[in-house]
Amino acid sequence: SVDRLCRVWLLLHIDAAKKDHFFNSIENLFLSAEMNELVALYSSLPVLLWPELWRSRCAEGIRSNIGTVLEAIICNNPYPSEQLSEAAWNQLVMKAFFTDKPIHQVIGLDLRANKELANILSDYANERWAASRTVNPQLWRCVGKFIDEKNFPNILRIAHSADAIEKEAAALASNDSDYPAAKELLNKNDLLKSQIDSGQLSWDTL
């Protein structure tokens, strides 16, 4: 929005010559900000100087319960994937799924995929199924590279789902995997494998 853009533009004019002074100026704004100001502050993280200074502030923002603030951090913001620790990054991705944010707008989702996150999300999927709830098919995007004997039953489950999108997610996850059983599962579905190989089916089109 125009007002957010203007707020970020103003932030870029704060004197950054002295690192400590610059940090204190921005930090004080975070401490006193109302909701729209917080949205602008978190939106500005990718363009502020001294990016290493804002890691803890970004990690703290992930714990927010304000939807627009979370979206400013999670959606179309390169700062988290570039600067956050693995633990903080995993928390961000988990929060994105938990609050139903548009996962395709999480920048760096594929690049920052890791084994611990795959385990966390697999357990989360099991919890939702146990409660008779649905699971966002994009969740398996973070699991594919780390399919193993522990989480492969989850891939089998969605591969045999009545939901076509879940079947596609299983195929895409298996395509990302080096786990032999996952490769065998994919090879059994000639249509989906052909669509993946041709680029017709991808995580971006899912």
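Numbering starts at 1 and runs along the sequence shown.
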Discussion item. Strictly distance-based, threshold 3.5 Å: is any side-chain N or O of Trp54 a donor or acceptor partner for the main-chain N or O of Leu49?
Written reply: yes
Item to complete: Kindly say whether Ile62 contributes a backbone atom to a donor-acceptor pair with the side chain of Lys95 at under 3.5 angstrom?
Response: yes
Worksheet entry | Under 3.5 Å side-chain donor-acceptor pair for Ser1 and Asp3 | yes
Worksheet entry | Whether over 12 other heavy atoms sit under 6.0 Å from Arg133 CZ | no
Discussion item. Taking the six-membered ring for Trp, are Phe146 and Tyr179 closer than 6.0 Å centroid to centroid?
Written reply: no
Worksheet item: Would you find a donor on one side and an acceptor on the other, under 3.5 Å apart, between the side chain of Gln105 and the backbone of Pro102?
Response: no
Practice prompt. Report yes if some heavy atom in the side chain of Trp203 is under 4.5 Å from a heavy atom in the side chain of Leu109; otherwise report no.
Written response: no
Discussion item. Is the shortest side-chain heavy-atom distance between Asn114 and Trp89 below 4.5 Å?
Written reply: yes
Worksheet item: Is there a donor-acceptor contact under 3.5 Å from the side chain of Tyr79 to the main chain of Pro51?
Response: yes
Worksheet item: Is a donor on one side and an acceptor on the other found under 3.5 Å between the side chain of Ser202 and the backbone of Gly199?
Response: no
Worksheet item: Would you say the side chains of Arg112 and Ser81 form a donor-acceptor pair under 3.5 Å?
Response: no
Worksheet entry | Donor-acceptor contact present, side-chain Lys167 to main-chain Ser161, <3.5 Å | yes
Discussion item. Looking at Ser122, is its backbone amide N or carbonyl O close enough to the side chain of Asn126 to form a donor-acceptor pair, meaning the two atoms are under 3.5 Å apart?
Written reply: yes
Worksheet item: Where the side chain of Asn77 meets the backbone of Ala72, is there a donor-acceptor pair that is under 3.5 Å apart?
Response: yes
Worksheet item: Do you know which two heavy atoms are closest between Leu11 and Ala40, and how far apart they sit?
Response: CD1-O, 4.2 Å
Worksheet item: Is the backbone of Asn151 close enough, under 3.5 Å, to the side chain of Asp148 for a donor and an acceptor to pair up by distance?
Response: yes
Worksheet item: Backbone N or O of Cys75 within a donor-acceptor pair of the Lys101 side chain at under 3.5 Å?
Response: no
